[in-house]
2 protein chains.
Amino acid sequence: MHPRLSTTSYALLGLLVFDGATSTAGLTGYELKQRSDKTLAFYWVSPAMSQIYTELSRLHREELVAPVDARQGRRTTRRYRVTAPGRQALTDWLLLSEADFPVLKHPVALRLMMGHLLPVSKTREMLQAYVDRLAVRHTELQAVRESLGDDVAYRYPAMVAEWGMAYYDAEVDIVAALVRRLDDR
Amino acid sequence: MHPRLSTTSYALLGLLVFDGATSTAGLTGYELKQRSDKTLAFYWVSPAMSQIYTELSRLHREELVAPVDARQGRRTTRRYRVTAPGRQALTDWLLLSEADFPVLKHPVALRLMMGHLLPVSKTREMLQAYVDRLAVRHTELQAVRESLGDDVAYRYPAMVAEWGMAYYDAEVDIVAALVRRLDDR
DNA sequence: TGTAGCATGTAAGCCGTTACATGATTGA
DNA sequence: TCAATCATGTAACGGCTTACATGCTACA
């Protein structure tokens, strides 16, 4: 069988499956990067362009995706579609392996842990800046959610987007409470 | 100045600073791993043992920590303490650099996105398993929180632990709502 | 006496990033 | 015509993991 792929590889494969459902001619590496910026970035990682191309080459080598080259004027673009074995490999992965517990890399929490090294004002500023960025992210995610509409085809991505928004809301509440605690003493 | 360290390096330095506050003779790599399993694991990453030793060597090379070798019977252990420059380097990092936005690697959300490839029952099981693991984590974190007590020296780590618990609570609520949505239709 | 835990490291290798390199197309 | 965006890759390297290697100590 396939030499086990990285989770990021499966994630990209997943994005390509969605594209197949909408029956276009596939995605270029560039387009795949744009999709992952709008989806994977919120609950996984959005790989660098160079990584996207590397993964696409690997998936092609494993015959899980098929490239279609097209000439558009003077330029040649390469669009990838998921193959039947690719779709199967993804389904097998979902079915036969367990989801790991999430890993959170939270520099704000990490720095808060060392709050005793700084004046309280600096810590408060950091938390406030984080709340501001959460608001920005929330807006971005809301735009993604709205772009998905109520189409059943995007039922699951819509759920994930709403999960993300609810998470951002919860973070804002929690951090607001922390700021209040920082102040009263 | 110091060639910029990784965030993980600063995180470990931070743990050693706490140890300094309680005026022991420092920590061994092994002990540092235990501490990071109980703290960093919840909002950063708990590095592998081998990585701990590598970071400790680096921090020593940069003279941000100082080792003290001790003979305990036939065995020689090496305990590390933060140096004054080490403490300063950590403070400078906190003061002079911005906290990045958190990165969440959430395999459950990732897999949920691809829910259309699986029977709903499988997705429900995955979410339920996640809720169960959240409860376990919550219990672990609660134990950590209680071990910190109300000592002002641990005020900030206590806040971080409570943040973590509140986050787990929020996740449970959100996922429970998702499961209900999965069911009614 | 044997096993779990304490303790310290090296080697190989994966995953991913940044930097570099190149060029076409669109639209102001 | 110039800048932004589309488009595709390679090279160097950092950070981290797993596997390997070694040995002491406490205690059941």
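Within every chain, numbering begins at 1; the chains are lettered A, B, ... in the order of the sequence lines, protein sequences first and strands thereafter.
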Problem - Member of B:Leu112, B:Val175, B:Leu118 meeting the side chain to side chain contact (heavy atoms under 4.5 Å, CB included) criterion with B:Met126 - result: B:Leu112
Exercise for the section: Starting from P on C:dT8, measure out to CG on B:Leu32 and report it in whole angstrom. Expected result: 10 Å
Practice task
Using only side-chain N and O atoms of A:Gln34, determine if any of them is under 4.0 Å from OP1 or OP2 of D:dC6.
Solution key: yes
Problem - B:Tyr43-B:Tyr167 aromatic ring centre distance below 6.0 Å - result: no
Practice task
Specify whether A:Tyr156 and B:His116 have parallel, tilted or perpendicular ring planes, treating 30° as the upper limit for parallel and 60° as the lower limit for perpendicular.
Solution key: tilted
Handout entry: Atom pair distance, as rounded to whole Å: NZ in A:Lys33 and P in D:dT5
Key = 15 Å
Practice task
Check whether the ring centres of B:His106 and B:Tyr130 lie less than 6.0 Å apart, and answer yes or no.
Solution key: yes
Exercise for the section: To the nearest Å, give me how far apart CG (B:Leu27) and C1' (C:dC6) are. Expected result: 14 Å
Exercise for the section: Keeping the roles fixed (side chain from B:Thr54, backbone from B:Ser50), state whether a donor-acceptor pair exists under 3.5 Å. Expected result: yes
Handout entry: Residue pair A:Val65 / A:Leu12, side-chain heavy-atom distance below 4.5 Å
Key = no
Protein and nucleotides 22-25 of chain C: nitrogen or oxygen contacts under 3.5 angstrom:
| from | atom 1 | to | atom 2 | distance (Å) |
| --- | --- | --- | --- | --- |
| C:dT25 | OP1 | A:Gln72 | O | 3.1 |
| C:dT25 | OP1 | A:Arg74 | N | 2.6 |
| C:dT25 | OP1 | A:Arg75 | N | 3.3 |
| C:dT25 | O4' | A:Arg75 | NH2 | 2.9 |

Handout entry: Selected nucleotide, minimal atom distance to B:Thr28 side chain, candidates D:dA7, C:dG9, C:dA7
Key = C:dA7
Problem - Atom pair distance, as rounded to whole Å: CG in A:Asp37 and C1' in D:dC6 - result: 14 Å
Exercise for the section: Taking only Lys NZ, Arg NE, NH1 and NH2, and the carboxylate oxygens of Asp or Glu, determine whether A:Asp173 and A:Arg180 approach each other closer than 4.0 Å. Expected result: no
Handout entry: Selected nucleotide, minimal atom distance to A:Lys105 side chain, candidates D:dC16, C:dG16, C:dC6
Key = D:dC16
Exercise for the section: Rounded to the nearest angstrom, tell me the gap between atom OH in A:Tyr10 and atom C1' in C:dC15. Expected result: 15 Å
Practice task
Look at the side chain of A:Glu31 and decide which nucleotide, out of D:dA7, D:dT8, C:dC6, has an atom nearest to it.
Solution key: D:dA7
Completion exercise
What residues 38-58 of chain A contributes to the DNA chain D interface at heavy-atom separation below 4.0 Å is A:Ser50, A:Tyr53
Exercise for the section: Report yes if a side-chain nitrogen or oxygen of A:Ser6 is closer than 4.0 Å to either non-bridging phosphate oxygen (OP1 or OP2) of C:dG16; otherwise report no. Expected result: yes
Exercise for the section: Could you tell me, to 10°, how much the axis swings from one end of the helix from C:dT1-D:dA28 to C:dA28-D:dT1 to the other, five pairs per end? Expected result: 30°
Problem - Between P of D:dT8 and NE2 of A:His60, the distance in whole Å - result: 14 Å
Exercise for the section: Take atom CG of A:Leu12 and atom P of C:dG16, then tell me their distance rounded to the nearest Å. Expected result: 9 Å
